[in-house]
**Q** 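The structure that follows is given in the form of structure tokens.
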Amino acid sequence: MVAMQYNLHQLKCLRPLFTRFLHQNASPDDAKIYSILASSGLSKAVSSLFSSPSPFSFNLYQHLFSLCASNRSIIDARKVESHLTTFATTPPAFLINRVIECYGKCGCLSDARELFDEMSQRNGGSWNAMITAYAKNGCVEEGLSVFLEMYGCGVLPNEVTFASVLVCCGGVLELGLARQVHGLVFKLGFEGNVILGCSLVDVYGKCSVMGDARKLFDETENANVVSWNVIVRRYLENGEGREAVFMFSEMIRKDLVPMNYTVSNALGACSSIFALNEGSQIHGYSIKINFKEDYVVLTSLINMYLKCGALRDARVIFDRLGTRDLGHWTSLVSGYAKHGNIREARELFNEMPVRSLISWNAMLDGYTHLSQFEEALDFVILLLKEIRDIDYVTVGLILHTSAGLLDVELGKQVHGYCYRHGLCSNGFVVNALLHMYGSCGNLRSSRILFYHMGPQRNYYSWNAVLTTLARHKMSEEALIVFSKMITDSETKPSNYNCGTVLSICANISALNTGKEVHGFMVRNGYIVDVVATGALVDMYSKCHCVEYAFKVFQRAACRDLILWNCMLLGCSHNCKVDKVFELFELMDDEGVKPDNTTFQAVFIACINGSRVELGRRYFDAMSNKFFITPRLEDYESMIELYGRNGFMKDLENFIKDMPFDPTGPMLNKVLDFCRKHGHSSLGNWAVNRLNDMNPSDTYRYEPMEQVG
DNA sequence: GGTGTCAATT
């Protein structure tokens with residue numbers, strides 16, 4: 001790569017020399033134009049062509065066309081062409097090819113095509129120029145049709161042709177066509193060409209067949225930095241972040257120095273899989289290869305740190321950034337909001353020098369994400385004062401807000417807005433409407449919308465229906481809808497849908513249906529992700545099949561904290577007391593840090609198994625070893641544990657040592673235990689506290705009569 | 001002749 005850059009640099013230095021060379025060896029007529037060009041610029045030079053009614057040298061025309069192309073100066077280009085065609089009787093094909101290229105670069109395809117169609121003697125270069133012109137301007141179908149015509153005329157394509165044809169293939173995304181072109185590249189003996197190989201990898205990647213892309217890449221003998229860039233990029237785009245990061249590390253292992261864009265793509269891949277460790281390593285490496293100040297790399301670094309929740313690191317880079325654009329600000333606002341730091345997000349938002357609709361949407365998304373719907377609504381009012389044209393994202397978020405506030409009137413207003421602004425055909429918007437009407441209990445509207453969506457329905461729409469039915473105590477109907485979803489096979493259920501249905505099964509203890517869903521997933525080759533695994537574990541546990549739950553848990557490819565908690569809670573609720581303690585130790589061994597929910601499961605097990613001493617130890621370990629602040633429910637668990645087992649002295653010490661005043665329900669509990677186990681001093685203490693809290697009710701301590 | 005950062009989505 002270094003060598004290539006050097007050559008490019010050299011060429012740039014050579015250009016004035018070359019021009020002078022042309023100038024010096026030019027005919028007197030040409031020389032006049034060259035000197036006008038040097039002194040007064042392109043347009044003056046072009047105009048002065050017409051002072052001479054005879055043709056200039058082909059070299060001069062060629063030079064002028066290339067200047068017009070790089071300046072994208074279509075007016076001058078047309079003038080030069082007109083001079084050429086007027087005074088030179090039969091301009092050679094190569095010169096007409098340059099004109100076609102020039103028009104192509106200026107984006108004037110009709111001019112290019114007209115010229116191409118009028119050519120009496122085309123050569124291979126003419127076809128190439130035309131195909132390239134189409135490819136460069138995104139007219140990929142036209143490019144391909146010219147290519148087919150060319151092939152049909154018996155003109156053999158060369159590597160230049162294929163380079164543009166492959167760009168077109170990458171645009172139309174037709175895998176069959178790509179394979180045919182690949183076959184042709186091979187047949188005509190260009191398979192060793194790095195650039196074409198790279199383009200083919202690119203096309204396969206764009207068609208989402210990464211297996212083929214990778215195979216071809218591995219077969220490339222001398223892959224260069226561009227080839228590596230392509231493979232990393234396409235893995236990232238196809239959602240295979242891990243593989244993208246791996247390829248990047250391979251590239252470095254082979255001592256190739258990546259381009260800034262490749263570093264950026266690798267960082268994007270880290271973001272996509274939340275690989276903070278790898279991301280920071282790449283950060284270090286990027287400094288080593290002198291990208292410390294590179295705008296592209298820095299931007300991706302900020303984004304990576306934000307996505308991984310390392311807000312401080314992101315902020316440090318942001319603060320040091322020379323020029324910050326709207327994107328940087330918006331990224332930061334969105335990152336802070338997404339990680340729950342809504343106050344900082346808002347402060348940043350307020351500080352922004354300029355805001356776009358996207359910035360407003362990002363902030364609004366922060367509020368809705370945290371279910372702060374009142375704040376979201378206030379923010380919407382502000383937004384509407386500032387911004388005239390909102391888009392479907394804003395609309396979706398406002399609908400989400402109405403759903404959260406159960407405000408169907410607001411929802412209907414937004415629906416009207418969508419109707420007036422033609423947003424009702426947008427999939428996102430309709431789904432948001434579906435969700436809104438469902439949440440607000442307007443099942444009729446929700447049903448009509450769903451019916452009218454027809455083929456536009458996707459897994460999200462189905463999920464909206466499923467959750468709506470479940471929420472309105474129509475779980476059986478939800479199960480019927482799901483089975484319809486499968487039999488109609490209109491939309492393939494996503495992991496998400498399966499998870500929703502499993503949780504419905506769990507809630508109504510529909511073990512058989514739950515098993516069917518599980519079977520369906522296995523039979524249809526679903527990659528059961530960590531979320532779906534959690535849903536399965538939860539379903540089996542709640543249906544009292546804790547053994548099944550455990551099997552699913554053991555087979556999970558990865559176990560995050562939530563999944564551990566699912567399993568622990570499943571065991572606790574099914575009174576598998578010792579299993580809970582066993583799992584807790586295993587979890588610790590695997591290095592997964594417990595949270596409050598984990599301890600809830602542990603305390604339930606202690607209560608169910610009357611393991612008072614163990615419970616005490618866990619409660620202490622919670623703050624001392626794991627640095628987790630016990631919550632109200634943890635204190636409640638300990639009260640239950642001591643009280644239920646008659647550990648009245650411990651209960652008394654515990655409740656009087658709490659860092660906050662006991663709540664009413666806690667005191668009532670204590671009172672119950674005192675009555676049961678006969679502990680008058682604590683009982684009276686609890687009564688006094690209760691009476692202090694609520695002078696209108698009067699409590700009295702009366703020990704329960706001992707039974708039996 | 002190939003690659004190409006970053007921002008909001010129900």
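Labels below follow one simple rule: chain letters A, B, ... track the order of the sequence lines, proteins then strands, and each chain is numbered from 1. As the structure is a computational prediction, the values presented were derived from the model and not from experiment.
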**Q** Nearest of B:dA7, B:dT3, B:dG1 to any side-chain atom of A:V230?
**A**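 When the side chain of A:V230 is considered, B:dT3 is the closest of B:dA7, B:dT3, B:dG1.
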**Q** Which listed nucleotide (B:dC6, B:dT10, B:dG1) is nearest to the side chain of A:E159?
**A** B:dG1
**Q** Report the distance from atom CE of A:M259 to atom P of B:dT3, rounded to the nearest whole Å.
**A** 11 Å
**Q** Could you check whether A:N158 gets within reach of a base, just the sugar-phosphate, or nothing at all, counting any heavy atom under 4.0 Å?
**A** nothing
**Q** Does any N or O donor sit under 3.5 Å from an N or O acceptor when you compare the side chain of A:N128 with the base of B:dG1?
**A**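 No, no donor-acceptor pair under 3.5 Å.
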**Q** What is the nucleic acid contact for A:D391, judged by heavy atoms within less than 4.0 Å: base, sugar-phosphate only, or nothing?
**A** base
**Q** What is the distance, rounded to the nearest whole Å, between atom CG of A:D325 and atom C1' of B:dC6?
**A** 7 Å
**Q** Of the candidate nucleotides B:dT5, B:dA8, B:dG2, which contains the atom at the shortest distance from the side chain of A:K136?
**A**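 Of the options given, the side chain of A:K136 lies nearest B:dG2.
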**Q** For A:F482 together with A:W462, are the ring centres under 6.0 Å from each other?
**A** no
**Q** Does a donor on one side chain and an acceptor on the other come within less than 3.5 Å for A:T500 and A:N497?
**A** no
**Q** Are A:F217 and A:W228 close enough that their ring centres sit under 6.0 Å apart?
**A**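 A:F217 vs A:W228: aromatic centres under 6.0 Å.
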**Q** How many whole angstroms separate atom OH of A:Y261 from atom C1' of B:dG2?
**A** 15 Å
**Q** Please identify each residue that fulfils ring pair (Phe, Tyr, Trp, His ring centres under 6.0 Å) with A:Y417, with sequence neighbours left out.
**A**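 Checked A:Y417 against ring pair (Phe, Tyr, Trp, His ring centres under 6.0 Å); matches are A:H421.
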**Q** Where the side chain of A:I195 is defined as all heavy atoms beyond and including C-beta, which of B:dA7, B:dG1, B:dT5 is the nearest nucleotide?
**A**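 For the A:I195 side chain, the nearest candidate turns out to be B:dG1.
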**Q** Under 4.0 angstrom, heavy atoms only, what part of the nucleic acid is A:S264 near: base, sugar-phosphate, or nothing?
**A** sugar-phosphate
**Q** I'd like a table of donor-acceptor pairs (distance under 3.5 Å, sequence neighbours excluded) in which one partner is a side-chain atom from residues 123-137 of chain A, with atom names and distances.
**A**
{"from": "A:N123", "atom 1": "OD1", "to": "A:N97", "atom 2": "ND2", "distance (Å)": "2.9"}
{"from": "A:N123", "atom 1": "OD1", "to": "A:G125", "atom 2": "N", "distance (Å)": "3.0"}
{"from": "A:N123", "atom 1": "OD1", "to": "A:S126", "atom 2": "N", "distance (Å)": "3.0"}
{"from": "A:N123", "atom 1": "OD1", "to": "A:S126", "atom 2": "OG", "distance (Å)": "3.0"}
{"from": "A:S126", "atom 1": "OG", "to": "A:N97", "atom 2": "OD1", "distance (Å)": "2.8"}
{"from": "A:S126", "atom 1": "OG", "to": "A:N123", "atom 2": "N", "distance (Å)": "3.0"}
{"from": "A:S126", "atom 1": "OG", "to": "A:N123", "atom 2": "O", "distance (Å)": "3.1"}
{"from": "A:N128", "atom 1": "OD1", "to": "A:T161", "atom 2": "OG1", "distance (Å)": "2.6"}
{"from": "A:N128", "atom 1": "ND2", "to": "A:N158", "atom 2": "OD1", "distance (Å)": "3.3"}
{"from": "A:T132", "atom 1": "OG1", "to": "A:N128", "atom 2": "O", "distance (Å)": "2.6"}
{"from": "A:T132", "atom 1": "OG1", "to": "A:S164", "atom 2": "OG", "distance (Å)": "2.9"}
{"from": "A:Y134", "atom 1": "OH", "to": "A:R113", "atom 2": "NH1", "distance (Å)": "3.2"}
{"from": "A:N137", "atom 1": "ND2", "to": "A:G104", "atom 2": "O", "distance (Å)": "3.0"}
{"from": "A:N137", "atom 1": "ND2", "to": "A:A133", "atom 2": "O", "distance (Å)": "2.8"}

**Q** Taking only N and O in the side chain of A:N303, is any of them less than 4.0 Å away from OP1 or OP2 of B:dA7?
**A**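 Checking B:dA7 against A:N303, a side-chain N or O does come within under 4.0 Å of OP1 or OP2.
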**Q** Mind checking what makes salt bridge (Lys or Arg N to Asp or Glu O under 4.0 Å) contact with A:R233, not counting sequence neighbours?
**A** A:E237
**Q** Which nucleotide in the set B:dG4, B:dT10, B:dG1 lies at the smallest distance from any side-chain heavy atom of A:N229?
**A**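 Selected nucleotide (nearest to the side chain): B:dG4.
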**Q** Counting side-chain heavy atoms from CB outward, which of B:dG2, B:dA8, B:dC6 is closest to A:S227?
**A** B:dG2
**Q** With sequence neighbours excluded, tell me which residues meet ring pair (Phe, Tyr, Trp, His ring centres under 6.0 Å) with A:H328.
**A**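 Ring pair (Phe, Tyr, Trp, His ring centres under 6.0 Å) check on A:H328 returns A:Y295.
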**Q** Kindly state which residues belonging to residues 361-384 of chain A come within less than 4.0 angstrom of DNA chain B, counting heavy atoms of the residue only, listed by number.
**A** A:N361, A:A362, A:D365
**Q** Ignoring the backbone of A:N224, work out which of B:dG2, B:dA8, B:dT5 is nearest its side chain.
**A**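 For the A:N224 side chain, the nearest candidate turns out to be B:dG2.
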**Q** Report which part of the nucleic acid A:V393 touches: base, sugar-phosphate, or nothing (heavy-atom distance under 4.0 Å, all strands).
**A** base
**Q** How long is the line joining CG of A:N260 and P of B:dT5, in whole Å?
**A**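 Nearest whole value for this atom pair: 10 Å.
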**Q** What's the closest nucleotide to the A:A163 side chain, out of B:dG1, B:dG4, B:dT10?
**A**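 Selected nucleotide: B:dG1.
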**Q** Kindly state each residue pair satisfying salt bridge (Lys or Arg N to Asp or Glu O under 4.0 Å) with at least one member in residues 299-315 of chain A, sequence neighbours excluded.
**A** A:R315-A:D319
**Q** Can you measure A:R233 atom CZ to B:dT3 atom C1' for me and round it to whole angstrom units?
**A** 10 Å
**Q** Could you tell me whether A:R234 contacts a base, only the sugar-phosphate backbone, or nothing, with contacts defined as non-hydrogen atoms closer than 4.0 Å?
**A**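 Since only primed, P, OP1 and OP2 atoms lie under 4.0 Å of A:R234, the category is sugar-phosphate.
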**Q** Are the ring of A:Y460 and the base ring of B:dT10 both nearer than 5.5 Å at their centres and tilted by less than 30°?
**A**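 Taking the rule of under 5.5 Å and under 30°, the ring of A:Y460 does stack on B:dT10.
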**Q** Identify the heavy atoms of A:H283 and A:I317 that sit nearest to each other, and give their distance.
**A** CE1-CD1, 4.1 Å
**Q** Any idea which of B:dA8, B:dT10, B:dA7 is nearest the A:L326 side chain?
**A**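 Closest of the options to the side chain of A:L326: B:dA7.
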**Q** Enumerate the salt bridge (Lys or Arg N to Asp or Glu O under 4.0 Å) contacts for residues 375-396 of chain A, please, sequence neighbours excluded, ordered by first and then second residue.
**A** none
**Q** Could you tell me the separation between the CH2 atom of A:W462 and the C1' atom of B:dT10, rounded to a whole number of Å?
**A** 18 Å
**Q** Pull out every residue in residues 196-211 of chain A that has a heavy atom closer than 4.0 Å to any atom of DNA chain B, ordered by number, or say none.
**A** A:C198, A:S199, A:D202
**Q** Can you give the donor-acceptor pairs under 3.5 Å from side chains of residues 188-196 of chain A to other protein atoms, not counting sequence neighbours?
**A**
{"from": "A:N193", "atom 1": "OD1", "to": "A:I195", "atom 2": "N", "distance (Å)": "2.8"}
{"from": "A:N193", "atom 1": "OD1", "to": "A:L196", "atom 2": "N", "distance (Å)": "3.0"}

**Q** Just do the side chain to side chain contact (heavy atoms under 4.5 Å, CB included) check on A:D294 and A:S286 with the steps written out, would you?
**A** CA-CA 9 Å; A:D294 189 284; A:S286 75; over 6 Å; no
**Q** What is the distance, rounded to the nearest whole Å, between atom CZ of A:F190 and atom P of B:dG2?
**A**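 Checked: the CZ to P distance equals 16 Å.
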**Q** Partners of A:F318 by ring pair (Phe, Tyr, Trp, His ring centres under 6.0 Å), sequence neighbours excluded?
**A** A:W329
**Q** What parts of residues 328-337 of chain A reach DNA chain B, counting only heavy atoms under 4.0 Å away?
**A** A:T330, A:S331, A:S334
**Q** Calculate the interatomic distance between A:F291 atom CZ and B:dG4 atom C1'; express it in whole Å.
**A** 13 Å
**Q** Could you list the residues that satisfy ring pair (Phe, Tyr, Trp, His ring centres under 6.0 Å) with A:F65, not counting sequence neighbours?
**A** none
